[in-house]
Amino acid sequence: MRASLSTARLSASDRAESWHEAVSHAFVPMAVDLLEEVPSPGAIIGHQLGSVRISRVQAGPQVVTRSRRMIAAGGPPSLILSLQERGTALKEQDGRESVIRPGEFSITDTSRVFRKKIEEGFVFTSFHFPRAELDVSERDLRALTATSFSGTEGSAALVATYLSRMAREAEVLDEAVGRRAAATALDLLALLVDDRSGHSRPQASRSAASLERVKEHILRNLRDPDLSPSTIAEANFMSVRFLHKLFQLEGTTVGGWIRTQRLDRCSRDLLRPVASELGVAGIARRWGFANSSHFSRAFRAAYGMTPRDWQVGGSPAR
């Protein structure tokens with residue numbers, strides 16, 4: 001879902017009020033102080049993916065502040081991660097002050113007072129989501145607000161690369177894929193917090209969650225003979241290397257798991273009336289096996305008999 005707003009067509013005198021309303025609507029209620037006598041046009045383009053709202057913001061010099069009074073007015077706690085693309089921002093929260101340069105990103109907690117100042121024209125892309133969606137401790141998160149993260153090193157680079165691509169693709173992703181992409185983004189952000197806090201145990205559980213989402217994708221596309229690690233990784237916004245690491249958690253491989261699932265479905269269909277209609281070759285094709293000989297060899301290796309013997313005699317006693 002796309003939403004956009006621009007003050008370009010408004011008179012200079014009307015831009016300040018309109019921009020203040022736009023910023024508070026796109027994020028949370030904030031005070032906006034424009035630093036130009038004649039305000040530059042501002043624009044916000046937003047998309048919603050699952051629980052994550054993505055906003056690309058372009059405007060002139062300004063200061064935004066969230067006060068205790070605004071926080072007390074209510075609303076669920078949320079987090080804003082901002083990727084700086086142009087202009088340099090000065091951010092303050094939790095007793096820290098950090099300079100965020102182009103190519104870097106920072107995290108803001110809207111449940112506490114913060115201030116952001118940019119003294120030049122700027123562009124940034126933000127990712128706004130409920131605090132409850134990020135499974136990290138309050139202590140670990142508080143230690144990282146108003147901190148500059150480089151988008152070129154370690155786990156921060158992984159987060160920045162993934163979020164940048166997710167923002168570029170947001171407009172063409174369907175609802176289901178968008179939800180999975182947002183969930184993976186939150187997993188990666190939690191991994192970053194754990195990494196900076198020196199924790200390792202939670203990463204395993206988040207990897208397991210990512211693995212389950214990948215498995216769901218595979219099962220939905222099991223009939224596709226072109227299903228492969230590269231297509232799976234691309235659809236789930238991860239590298240092929242990371243995909244293989246996920247399956248290593250269970251001591252298997254991507255190809256091995258796909259083959260097992262396909263053989264299981266074929267073995268069931270061979271014992272059903274559909275077998276007389278499709279034949280062995282047809283059932284193999286139905287579940288993504290492009291080559292009948294390969295299917296027969298894989299079936300014999302897994303079940304100790306040929307597909308035809310299985311069809312005639314049924315499954316062996318186990």
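- Between Trp257 and Val214 there is no side-chain heavy-atom pair separated by less than 4.5 Å.
- Contact of the Phe122 side chain with the Arg86 side chain is not registered, since no non-hydrogen atoms from C-beta on lie closer than 4.5 Å.
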- Message: For Phe127 and Phe129: C-alpha separation, side-chain torsions, deciding distance, then whether ring pair (Phe, Tyr, Trp, His ring centres under 6.0 Å) applies.
- Response: CA-CA 7 Å; Phe127 302 81; Phe129 51 92; 8.6 Å; no
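- Looking only at side-chain heavy atoms (C-beta outward), Arg286 and Val274 come within less than 4.5 Å of each other.
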- Query: Can Lys116 and Val63 be said to form a side chain to side chain contact (heavy atoms under 4.5 Å, CB included), step by step?
  - Reply: CA-CA 6 Å; Lys116 178 178 180 180; Val63 179; over 6 Å; no
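- Here the side chain of Arg53 pairs no donor or acceptor atom with the backbone of Leu49 at under 3.5 angstrom.
- Each of Leu10 and Ile45 belongs to its own hydrophobic cluster when Ile, Leu, Val, Met, Phe, Trp and Tyr are linked at side-chain heavy-atom distances under 4.5 angstrom.
- Looking at Ser78 and His128, their side chains do bring a donor and an acceptor atom within 3.5 Å of each other.
- The backbone N or O of Val57 lies less than 3.5 Å from no partner atom in the side chain of Ser55, so there is not a single donor-acceptor pair.
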- Query: Can you list the steps and then say if Leu263 with Phe295 is a side chain to side chain contact (heavy atoms under 4.5 Å, CB included)?
  - Reply: CA-CA 8 Å; Leu263 288 172; Phe295 166 65; 3.9 Å; yes
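- Between Leu189 and Tyr162, every side-chain heavy-atom pair lies at or beyond the 4.5 Å cut-off.
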- Message: Apply side chain to side chain donor-acceptor pair (under 3.5 Å) to residues Thr184 and Asp187 and explain how you reach the verdict.
- Response: CA-CA 5 Å; Thr184 299; Asp187 283 346; 5.2 Å; no
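- A distance-only check finds a donor-acceptor pair linking the side chain of Thr147 to the backbone of Thr145 [under 3.5 Å].
- Of the possible donor and acceptor atoms, none in the side chain of Ser18 sits under 3.5 Å from a partner among the backbone N and O of Asp14.
- Remark: the backbone N or O of Thr7 is paired with a side-chain donor or acceptor of Arg15 at under 3.5 angstrom.
- Residue Asp109 holds its CG atom at 9.0 Å from CZ of Phe114, rounded to the nearest 0.5 Å.
- A salt bridge links Asp264 and Arg268; the closest N-O separation between the charged side-chain nitrogens and carboxylate oxygens is under 4.0 Å.
- The closest side-chain heavy-atom distance from Leu83 to Ser164 is below 4.5 Å.
- Taking CZ of Arg142 as the reference point, atom CZ of Arg96 lies at 9.0 Å (rounded to 0.5 Å).
- A distance-only check finds no donor-acceptor pair linking the side chain of Thr231 to the backbone of Leu227 [under 3.5 Å].
- Between Arg179 and Glu175 there is a salt bridge, since a side-chain N of the basic residue sits under 4.0 Å from a carboxylate O of the acidic one.
- Remark: the backbone N or O of Arg101 is paired with a side-chain donor or acceptor of Glu104 at under 3.5 angstrom.
- When all heavy atoms of Val240 and Ser230 are compared, the closest pair comes out as CG2-CA, 3.8 Å.
- Side chain of Arg262 to main chain of Trp287: a donor-acceptor pair is present (N/O by atom type, distance under 3.5 Å, no hydrogens or angles).
- Between Lys117 and Glu119, at least one side-chain nitrogen of the basic residue sits less than 4.0 Å from a carboxylate oxygen of the acidic one, meeting the salt-bridge criterion.
- Judged by distance alone, the side chains of Lys91 and Ser106 do bring a donor and an acceptor atom under 3.5 Å apart.
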- Task: Please test Thr108 against Leu79 for side chain to side chain contact (heavy atoms under 4.5 Å, CB included), starting from the C-alpha separation and ending with a verdict.
- Result: CA-CA 6 Å; Thr108 300; Leu79 301 174; over 6 Å; no
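- Between Phe299 and Trp310, the ring planes are perpendicular. Angles over 60° get that label, and only those under 30° would be called parallel.
- Counting only N and O atoms by type, the side chains of Glu36 and Ser40 include a donor and acceptor under 3.5 Å apart.
- A distance of 12.5 Å separates CE of Met30 from NE2 of His25, quoted to the nearest 0.5 Å.
- For Arg131, the CZ atom sits in a packed shell: over 12 heavy atoms of surrounding residues, nucleotides or ligands are nearer than 6.0 Å.
- Remark: the backbone N or O of Leu186 is not paired with any side-chain donor or acceptor of Glu133 at under 3.5 angstrom.
- Annotation for Arg220: atom CZ counts as buried by contact number, over 12 foreign heavy atoms lying within 6.0 Å.
- For the atom pair Ser296 OG and Asn291 CG, the distance stands at 8.5 Å (nearest 0.5 Å).
- Among the candidates Thr253, Ile232, Thr252, the single residue satisfying the side chain to side chain contact (heavy atoms under 4.5 Å, CB included) test with Ile258 is Ile232.
- Looking at heavy atoms from C-beta onward, Phe149 lies in side-chain contact with Ile107 at the 4.5 angstrom threshold.
- The backbone N or O of Ser24 sits nowhere less than 3.5 Å from a side-chain atom of Glu21 that would complete a donor-acceptor pair.
- Within 6.0 Å of atom CD in Glu138, more than 12 heavy atoms from other residues, nucleotides or ligands are found, so the atom counts as buried in its surroundings.
- Between Glu97 and Leu90, some side-chain heavy-atom pair lies under the 4.5 Å cut-off.
- There is a side-chain donor-acceptor pair under 3.5 Å between Thr125 and Glu85.
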